> 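I have a structure I would like to understand better, so I am pasting it below and will then ask my questions one at a time.
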Amino acid sequence: MLTILFDGIAYGMLLFVLAVGLAVTMGLMNFINLAHGAFAMAGGYITVLLMQRADVPFLVCLPLAFLGSALLGAVCERTLYRPLYRKPHLDQVLFSIGLVFMAVAAVDYYVGSTQQIMQLPEWLKGRTEIGSLGMGHYRLFIIAVCAALTVGLQFVLARTRFGSRLRASVDDQRVAAGMGINVNLVFLSTFAFGSGLAGLGGALGAEVLGLDPSFPLKFMIYFLIVVAVGGTSSITGPLLAALLLGVADVAGKYYIPKMGAFIVYSLMIVILLWKPNGLFVRRGGKA
């Protein structure tokens, strides 16, 4: 039971890092980017290909995956997404879904459709047993990295000048621009950072979740569940939702494998019936 709980927490923390960028763009920027998983896939492939073909160490690949995905996100925001900020949400959904299928086809054509195998360093392959609790070293590493990212992200959004400028830009772009805030630069930085977090999550999750060209489609629903259940106006909500989802998914697959994802969807329905706007909604914020 403790081992299942530990694995569920590690899985939930990983889902949070993968989905938090989508929560930021939807909640703070009011933009629906369903192609978020494509940036996660980019980070995973950057890591795997660098390790396989250039023998780059795993710990060096992680920041490179973040930077590569952030750069890709910045380019896409500047050229593709910015004209859609003022468009209806349906246009944003259709456009980003089209980008997902384009990304899947491009990766399948250039890299292939086979499942990618990541060779972790030896120090991450072990397992520690403490009584009835079995802790995989790699899952411990995931929890530590994701916890540090969570604390840092919460601090940046809530306690720094950049976080204040971002909230001001979202609330009223014209007033923010009149006060000297470069709204376009704020949105560009936010979108790039969210894409970089997705890429880092994809790099960390390549060994746990698997990596192939269908990655954005397979996990799109999980990202949306985390955002819908947790709410989009805070970081705490998606974090709690990701942990609940991770524990429920791991426990369900272990105890009731025939039920599959039914337990996760049932949990989502119950929570949304109780809290239609998500677990945490900031007063006066966007739901």
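Atom set for the values below is all heavy atoms of this structure, side chains included, hydrogens, waters and symmetry mates excluded. What you see is a predicted model, and the numbers here were worked out from it, not measured in a lab.
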> Work out which heavy atom in Asp212 is nearest to a heavy atom in Met41; give both atom names and the distance.
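That closest heavy-atom pairing would be O-SD, 3.9 Å.
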> For Arg78, does the CZ atom sit with more than 12 other heavy atoms under 6.0 Å from it, leaving out its own atoms?
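Incorrect, the count does not exceed 12.
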> Transitively linked via ILVMFWY side-chain contacts under 4.5 Å: Leu197 with Leu67?
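Looking at the clustering, Leu67 is in the same group as Leu197.
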> Under a 4.5 Å cut-off applied to non-hydrogen side-chain atoms, are Leu224 and Leu34 in contact?
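The answer is yes, as the side chains (C-beta and beyond) meet within the 4.5 Å cut-off.
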> Minimum heavy-atom separation for Gly210 and Phe215, please, with both atom names.
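Between these two residues, the closest heavy atoms are O-CD1, 3.5 Å.
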> Would Cys146 and Phe16 satisfy side-chain contact (heavy atoms from CB on, under 4.5 Å), going step by step from the backbone distance to the final call?
CA-CA 8 Å; Cys146 295; Phe16 171 72; 5.8 Å; no
> Around atom OH of Tyr255, are there more than 12 heavy atoms of other residues, nucleotides or ligands at under 6.0 Å?
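Count over threshold, so yes.
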> Backbone N or O of Ile32 within a donor-acceptor pair of the Gln92 side chain at under 3.5 Å?
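Yes, the answer is positive, given that a donor and an acceptor are paired below the 3.5 Å cut-off.
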> Identify the heavy atoms of Val107 and Pro213 that sit nearest to each other, and give their distance.
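Distance-wise, the nearest heavy atoms are CG1-CG, 4.0 Å.
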> With a 4.5 Å cut-off on side-chain heavy-atom distances among I, L, V, M, F, W and Y, is there a chain of contacts connecting Leu217 to Met102?
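Shared cluster, yes.
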> Answer yes or no: is there a donor N or O on one side and an acceptor on the other, between the side chain of Ser96 and the main chain of Asn33, under 3.5 Å?
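Here the side-chain-to-backbone pair does not exist.
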> Between Tyr11 and Leu209, is any pair of side-chain heavy atoms under 4.5 Å apart?
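Tyr11 vs Leu209: side chains touch.
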> What do the steps show when you test Val60 against Leu64 for side-chain contact (heavy atoms from CB on, under 4.5 Å), and what is the final call?
CA-CA 7 Å; Val60 177; Leu64 292 178; 4.1 Å; yes
> What distance do Leu239 atom CG and Met13 atom CE have between them, rounded to the nearest 0.5 Å?
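Going from CG on Leu239 over to CE on Met13, the span is 6.0 Å.
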> Does any non-hydrogen side-chain atom of Val247 lie less than 4.5 Å from one of Leu5?
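Touching, per the 4.5 Å side-chain cut-off.
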> Can you check whether Phe223's main-chain N or O pairs, donor with acceptor, with His36's side chain at less than 3.5 Å?
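Judged by distance alone, no pair lies under 3.5 Å.
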> What I'd like to find out is whether the side chain of Ile143 reaches to under 4.5 Å of the side chain of Phe6, using heavy atoms alone.
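Yes. Closest side-chain heavy atoms under 4.5 Å.
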> Using 0.5 Å steps for rounding, measure from the CG atom of Asp249 to the CD1 atom of Ile263.
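The CG atom of Asp249 sits 8.5 Å away from the CD1 atom of Ile263.
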> Shortest non-hydrogen contact from Ser195 to Gly73?
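Ser195 and Gly73 have their closest heavy atoms at OG-CA, 3.6 Å.
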> Out of curiosity, Leu273 CG to Lys275 NZ, how far, rounded to the nearest 0.5 Å?
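Answer rounded to 0.5 Å: 13.5 Å.
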> For Leu244 and Leu267, work out which heavy atoms get closest and say how close.
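In terms of heavy atoms, the two residues are closest at O-CD2, 4.1 Å.
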> Is it the case that over 12 heavy atoms from other parts of the model lie below 6.0 angstrom from the NZ atom of Lys87?
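Result for NZ/Lys87: open.
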> Using side-chain heavy atoms (C-beta onward) and a distance below 4.5 Å, is Met118 in contact with Leu211?
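No; the side chains remain at least 4.5 Å from each other.
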> Contact between Met220 and Ile97 at the side-chain level, heavy atoms closer than 4.5 Å - yes or no?
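Touching, per the 4.5 Å side-chain cut-off.
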> Does Leu94 have more than 12 heavy atoms from other residues, nucleotides or ligands lying within 6.0 Å of its CG?
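Yes, enclosed.
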> With sequence neighbours excluded, give me every ring pair (Phe, Tyr, Trp, His ring centres under 6.0 Å) pair touching residues 79-98.
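Only Phe31-Tyr81, Phe31-Tyr85, Tyr81-Phe191, Tyr85-Phe187 qualify under ring pair (Phe, Tyr, Trp, His ring centres under 6.0 Å).
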> Could you state the interatomic distance from CE (Met135) to OG1 (Thr128), rounded to the nearest 0.5 Å?
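Output value for this atom pair is 5.5 Å.
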> Quick check on the hydrophobic clustering: are Ile46 and Ile142 connected, directly or via other members, by side-chain heavy-atom contacts under 4.5 Å?
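Per the 4.5 Å side-chain linkage, Ile46 and Ile142 are not co-clustered.
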> Nearest 0.5 Å please: distance from the CD atom of Gln119 over to the CG atom of Leu124.
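The distance works out to 12.5 Å.
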> Look at the aromatic rings of Phe141 and Trp123 and report parallel, tilted or perpendicular, splitting at 30° and 60°.
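Geometry flag for Trp123 against Phe141: perpendicular rings.
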> Is the Phe66-Phe193 ring centre distance short of 6.0 angstrom?
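Yes.
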> Does atom CH2 (Trp274) have a neighbourhood of more than 12 heavy atoms from anything else shown, all under 6.0 Å?
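Incorrect, the count does not exceed 12.
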> Please name the residue in the list Val48, Thr47, Leu49 that meets the side-chain contact (heavy atoms from CB on, under 4.5 Å) test with Met51.
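That would be Thr47; it is the only one of Val48, Thr47, Leu49 passing the side-chain contact (heavy atoms from CB on, under 4.5 Å) with Met51.
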> Going through the checks in order, is the side-chain contact (heavy atoms from CB on, under 4.5 Å) test met by Tyr254 and Asp7?
CA-CA 11 Å; Tyr254 181 82; Asp7 289 344; over 6 Å; no
> Before you tell me yes or no, could you show the steps for Thr160 and Arg165 under side-chain contact (heavy atoms from CB on, under 4.5 Å), namely the whole-Å CA-CA distance, both residues' side-chain angles and the distance that decides it to 0.1 Å?
CA-CA 9 Å; Thr160 64; Arg165 290 179 175 178; over 6 Å; no
> Measuring only between side-chain heavy atoms, which start at C-beta, is Leu204 closer than 4.5 Å to Tyr138?
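They are in contact (side-chain heavy atoms under 4.5 Å apart), so the answer is yes.
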> What are the two closest heavy atoms between Val250 and Gly8, and how far apart are they?
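What the structure gives for the nearest pair is CG2-CA, 3.8 Å.
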> If you define the side chain from C-beta out and look only at heavy atoms, does anything of Tyr45 sit under 4.5 Å from Gln116?
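Yes, their side chains come closer than 4.5 Å.
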> Would a hydrophobic clustering, with Ile, Leu, Val, Met, Phe, Trp and Tyr connected at side-chain separations under 4.5 Å, put Val186 with Phe155?
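In one cluster with Val186: Phe155, no.
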> Out of curiosity, does Ile181 fall in the hydrophobic cluster containing Val156 (side-chain heavy atoms, cut-off under 4.5 Å, transitive links)?
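Looking at the clustering, Ile181 is in the same group as Val156.
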